[in-house]
Undergrad: 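One structure follows; several queries about it will come next.
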Amino acid sequence: MLLREVEYARPGSIEEAVRLLGAHDGARALAGGQTLVNVMKARAASPEVLVDLADLAELRAIGRGADGSLELGAMVTYSELVGSPDVAAARPILAQVAATIADRQVQNRGTVGGNVCVNDPTNHLPPLFSVMGATFTILGPDGERTVSADDFFLGVYLTAVGEGDLLTRVTVPALAAGCGDAMEGITLGVHGTYLVSAAASVSPAGVRVAIGCVSGVPERATALEERLAGAELTPANVHAAVAGIGAALDPPSDVHAPADYRRRLAEVVCERAVLAAAERAKG
Ligand SMILES: Cc1cc2nc3c(=O)[nH]c(=O)nc-3n(C[C@H](O)[C@H](O)[C@H](O)COP(=O)(O)OP(=O)(O)OC[C@H]3O[C@@H](n4cnc5c(N)ncnc54)[C@H](O)[C@@H]3O)c2cc1C
């Protein structure tokens, strides 16, 4: 048998989904299933109840707030990010990055909510949301709360979404004039898993950089951000600023890359991401 026996529920409202998640120990939300079903097949997780979010139209919406911010329902897929005029207008980097995740099948099934709730360090969206100043709205038994990216990502496979909670949407500020975003990384093969990634967002207020794959959370490169504060983002300045930032990181060593190599890659991808974001900020 591929999967252990599991109860299955398909609620018709967000409120019912939260009630079901809170009513059963070991209940898990099922979004695109691109991670959850695989870990169930591998018996690394065996939830008692799967609460399928597929019928919750509200979670599939992409909209704009009164201030122009982008509101992404948790069940928005990567393909929907790629095809959305709202995403293209408000924060086009999201579509560009979503189009590089794995393959078309994963893009058609995988969701924004699943990507961030898993918080796999190699996932594309956590570092990106981190530099964009995204906020995460969570509905639980005690009501709704909104947390920042700094408070959302807590560790490998660990986020502010606790037992009985449902992530309902991610809100991203619209890209203002004079601002630019970029994401760069080294992958295992074309469209493969990241070995190290870096997202950067440049605005008149400064530079924000987050590195992926080097710890359990998107790692803000604060030393680099401070070195670049007020500096002209020329290739020479950015090259000088990234020098040595890898030494402060404590990345894992695995079959794909030793820690020292990841430290070096982190400097390379940070430099590329900042320069690409600065170029886009010029308009
Ligand atoms: C071959 C392959 C390659 C991949 N490569 C990449 C890659 O390079 N980069 C990348 O970023 N991703 C990659 N992925 C992972 C993919 O992006 C997954 O889609 C993602 O990690 C999980 O999203 P999902 O919608 O499938 O969530 P699911 O697998 O359904 O759920 C994942 C977890 O999140 C929880 N969850 C989901 N939605 C909610 C919610 N709204 N509220 C509360 N909890 C929720 C679930 O309970 C579960 O614990 C790959 C997947 C595959 C199969």
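Counting convention: from 1, in listed order, for ligands and their atoms alike. FYI, side chains are in, hydrogens and waters are out, and symmetry mates aren't considered; it's all heavy atoms of this structure.
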Undergrad: Take F152 and I138 through the test side-chain contact (heavy atoms from CB on, under 4.5 Å) and record every step on the way to the result.
TA: CA-CA 10 Å; F152 184 83; I138 300 165; 4.1 Å; yes
Undergrad: Looking only at protein heavy atoms, identify the closest one to atom 49 (O) of ligand 1 and say how far it is in Å.
TA: R28 NH2, 2.9 Å
Undergrad: Tell me, which protein residue and heavy-atom name are nearest atom 3 (C) of ligand 1, and how many Å apart are they?
TA: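 For this ligand atom, the closest protein heavy atom is A102 CB, 3.6 Å.
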Undergrad: Going by distance only, is there an N or O of L53 that falls short of 3.5 Å from an N or O of ligand 1?
TA: no
Undergrad: Report the nearest protein non-hydrogen atom to atom 1 (C) of ligand 1: residue, atom name, distance rounded to 0.1 Å.
TA: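 Its nearest protein heavy-atom neighbour is V106 CG2, 4.2 Å.
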Undergrad: Check whether any N or O atom of L36, backbone or side chain, sits under 3.5 Å from an N or O atom of ligand 1, and answer yes or no.
TA: yes
Undergrad: Would you say N123 and ligand 1 have an N/O pair spaced under 3.5 Å apart?
TA: yes
Undergrad: What part of T168, side chain, backbone, both or neither, has a heavy atom within less than 4.0 angstrom of ligand 1?
TA: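 No part of T168 comes within reach of ligand 1.
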Undergrad: What protein heavy atom sits nearest atom 53 (C) of ligand 1, and how far off is it?
TA: Q34 O, 3.6 Å
Undergrad: Identify, for atom 24 (P) of ligand 1, the protein heavy atom at the shortest distance, and state residue, atom and that distance.
TA: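 Answer for atom 24 (P) of ligand 1: G32 N, 3.5 Å.
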Undergrad: What I want to know is whether H124 and ligand 1 share at least one N or O pair that is separated by under 3.5 angstrom.
TA: yes
Undergrad: Any N/O of G110 closer than 3.5 Å to an N/O of ligand 1?
TA: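 For ligand 1, there is no N or O atom that lies under 3.5 Å from one belonging to G110.
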Undergrad: Closest heavy-atom contact between V18 and G140?
TA: CG1-C, 3.9 Å
Undergrad: Please confirm whether N38 approaches ligand 1 to less than 4.0 Å, judged on its heavy atoms.
TA: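 The answer is yes, since N38 has a heavy atom less than 4.0 Å from ligand 1.
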Undergrad: Identify the protein heavy atom lying closest to atom 25 (O) of ligand 1, giving its residue, its atom name and the separation to 0.1 Å.
TA: T111 OG1, 2.6 Å
Undergrad: Considering only protein heavy atoms, which is closest to atom 38 (N) of ligand 1, and at what distance to one decimal place?
TA: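 So the nearest neighbour among protein heavy atoms is A31 CB, 3.6 Å.
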Undergrad: Work out which heavy atom in D165 is nearest to a heavy atom in P141; give both atom names and the distance.
TA: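 Between these two residues, the closest heavy atoms are OD1-CD, 3.7 Å.
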Undergrad: State, to 0.1 Å, how close P252 and R262 come at their nearest heavy-atom pair, and which atoms those are.
TA: O-NH1, 3.1 Å
Undergrad: By number and element, which atoms of ligand 1 are closer than 4.0 Å to a non-hydrogen atom of A74?
TA: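 Result: 41 (N).
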Undergrad: Hey, does D120 sit under 4.0 Å from ligand 1 if you only count heavy atoms?
TA: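 Judged by the 4.0 Å heavy-atom criterion, D120 does not count as contacting ligand 1.
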Undergrad: Is there a path of hydrophobic side-chain contacts, each under 4.5 Å between heavy atoms of I, L, V, M, F, W or Y residues, that connects M75 with L125?
TA: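 Different clusters: M75 never reaches L125 through Ile, Leu, Val, Met, Phe, Trp or Tyr contacts under 4.5 Å.
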Undergrad: List the closest protein heavy-atom neighbour of atom 27 (O) of ligand 1: residue, atom name, distance to the nearest 0.1 Å.
TA: G114 CA, 3.4 Å
Undergrad: Which atom pair, heavy atoms only, marks the closest approach of N108 to S79?
TA: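 Smallest interatomic distance, heavy atoms only, reads OD1-OG, 2.6 Å.
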Undergrad: Treating Ile, Leu, Val, Met, Phe, Trp and Tyr as nodes and any side-chain heavy-atom pair under 4.5 angstrom as an edge, say whether L59 and V161 lie in one connected cluster.
TA: no
Undergrad: Find the distance between CD (E219) and OG (S130) and round it off to the nearest 0.5 Å.
TA: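 That separation rounds to 9.5 Å.
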Undergrad: Is Y78 in polar range of ligand 1, meaning some N or O pair under 3.5 Å apart?
TA: yes
Undergrad: Check A29 against L36 and note the closest heavy-atom contact, atom names and distance.
TA: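 Closest heavy-atom pair between A29 and L36: O-CD2, 3.3 Å.
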Undergrad: Does the N or O separation between L166 and ligand 1 drop below 3.5 Å for any pair?
TA: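 N/O-N/O distance under 3.5 Å: no.
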Undergrad: Between F136 and V87, is there shared hydrophobic-cluster membership here, with clusters defined by ILVMFWY side-chain heavy atoms closer than 4.5 Å?
TA: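 As far as the 4.5 Å side-chain criterion goes, V87 and F136 are connected within one cluster.
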Undergrad: As a quick check of understanding, evaluate side-chain contact (heavy atoms from CB on, under 4.5 Å) for L53 and L166, giving each step before the final call.
TA: CA-CA 10 Å; L53 309 179; L166 182 73; 3.7 Å; yes
Undergrad: Below 4.0 Å from any atom of ligand 1, is there a heavy atom belonging to A45?
TA: no
Undergrad: Are Y194 and M132 connected into the same hydrophobic cluster when the rule is that any two of I, L, V, M, F, W, Y join if their side-chain heavy atoms are below 4.5 Å apart?
TA: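 Shared cluster, yes.
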Undergrad: List the atom of R10, the atom of A54, and the distance in Å for their closest heavy-atom pair.
TA: NH2-CB, 3.5 Å
Undergrad: I need the contact type for V161 against ligand 1. Using non-hydrogen atoms and a strict under-4.0 Å cut-off, is it side chain, backbone, both or neither?
TA: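 The side chain, only.
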Undergrad: Short N/O distance, under 3.5 Å, between C117 and ligand 1?
TA: no
